[in-house]
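No hydrogens, no waters, no symmetry mates; every other heavy atom, side chains included, goes into these values. Bear in mind the structure is a predicted one, so any value in this text is a computation, not a measurement. Remember, it's 1-based here, ligands and their atoms both numbered in the order they're listed.
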Amino acid sequence: MKKIQMVDLKGQLDKIKKEVDTSIQDVLETTAFINGPKVHQFQHNLEQYLGVKHVIPCANGTDALQIAMMGLGLKPGDEVVTADFTFAATVEVIALLNLTPVLVDVNPDDFNINIEAIKKAITPKTKAIVPVHLFGQCADMEAILEIANEHNLFVIEDNAQAIGANYTFKDGRKAKAGTIGHVASTSFFPSKNLGCYGDGGAIFTNDDALAHTIRGIVNHGMYVRYHHDVVGVNSRLDSIQAGVLDAKLPHLDSYNRARQLAARKYNQAFKDCDKIITPSGKAICQGICDTCDCHVFHQYTLRLKGVDRDALVVYLNENNIPCGVYYPIPLHKQKAYADDRYNEADFKVTNQLVQDVISLPMHTELDDEQIDYITSKVKSFING
Ligand SMILES: *Cc1c(COP(=O)(O)O)cnc(C)c1O
């Protein structure tokens, strides 16, 4: 059996090495290392793929979130509602911009921001909602857009984990994750579903004026060379990374499909374990079916019932199975973001999830032998 890895970037690269080499070589030949034609080519191809008017590449997914918030003109003291159960980048940029983060609880089934909790958190100072499409599946965007319309709020999608996922509206219309709110951010960190070989990120929007504002912000606030109209940042996707991404983009759907197939095999293996709750889509799609494209499984995350999660992690590691706990501490309990305003009773789900979740290896190169081995070890631990 091949060594099991949490993410197998080498196995994936081996299959597309020619395309990646050619694309990188193109950049070397042009020596246009910053803002070269490859960046524009990738930007254009990603716009086509997503069906969004504007993709603005930048240096990483955290910058993308920050720049989106700067572009919307959010001001110190504005409240921004986001999920308590996510990676810290989301709340970090809210705090960095001197906005006020308002963390709220998530759903136990899809791990995404809870709609009732958002409603409860809204005050006259609320200016934006940041749903994070966690582990590869969209938050309940229709309900979020409704709240946003009612209260005149911006919706910023943190789409670092769900690129390529589809969201289906009640009327059957589909849209790609990251094209539904006012603006979205994504990350091309190597382990993300569309990853480069370094850092990278992008902002998406259908709003022409906002896209224009953001294009200036990523480039020192310049709209005309050496004329600085607003305070900006220096945040660029470098051309070599754009070359890698442009070579990988045509494979994104098949990569996401491979993840979905692996998830389905995992689900199948665990279906009779009553101490394991397997990931499932929301009512809209009932999880993984042949046509289901709502979940792109950035992570394959189980909820355990009455199992010592930390002992399972040790056991799996002893058996050469890497695994992850995303995330072990709720953001509202992190030193940097703790606040007297928070009430533990409002975070029942997150407080439980941080104890119960475990993420198994998930990538595009998992084979049946590896999945069988992983699931048999998980089951043998759980069944004692
Ligand atoms: C990875 C990630 C980010 C940050 O992306 P970087 O490119 O590492 O800055 C932000 N939000 C979420 C949910 C992420 O998973």
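Relative ring orientation between Tyr300 and Tyr266 is described as parallel, the plane-to-plane angle staying below 30° on a 0-90° scale split at 30° and 60°.
When hydrophobic clusters are built by joining Ile, Leu, Val, Met, Phe, Trp and Tyr residues whose side-chain heavy atoms come closer than 4.5 Å, directly or via intermediates, Tyr337 is not grouped with Phe85.
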Query raised in the report: Would His298 and Gln137 count as a side-chain hydrogen bond (donor to acceptor under 3.5 Å, both in side chains) if you check the C-alpha gap in whole Å, the side-chain angles of each, and the deciding distance to 0.1 Å?
Result: CA-CA 8 Å; His298 176 61; Gln137 181 172 223; over 6 Å; no
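Each of the following atoms of ligand 1 lies closer than 4.0 Å to a heavy atom of Ser187: 5 (O), 6 (P), 7 (O). Listed by atom number, the atoms of ligand 1 under 4.0 Å from Asn60 heavy atoms are 7 (O), 9 (O). With ligand atoms numbered from 1 in the order given, ligand 1 contributes 13 (C) to contacts under 4.0 Å with heavy atoms of Val132. Taking every non-hydrogen atom of Gly61 and a distance limit under 4.0 Å, the qualifying atoms of ligand 1 come out as 5 (O), 6 (P), 7 (O), 9 (O). Here is the list of ligand 1 atoms found below 4.0 Å of a heavy atom in Thr62: 4 (C), 5 (O), 6 (P), 9 (O).
Taking the six-membered ring for Trp and the full ring otherwise, Tyr223 and His212 have centroids separated by under 6.0 Å. When ring centroids are compared, Phe135 and Phe111 come within the 6.0 Å threshold.
In terms of heavy-atom proximity, Gln241 sits nearest to Tyr197 at OE1-N, 2.8 Å.
The shell of residues lying under 4.0 angstrom from ligand 1, judged by heavy atoms, excludes His133.
Of the listed residues (Gln66, Lys192, Gln161), the one carrying the non-hydrogen atom nearest atom 3 (C) of ligand 1 is Lys192.
The protein non-hydrogen atom at the shortest distance from atom 11 (N) of ligand 1 is Asp158 OD2, 2.8 Å.
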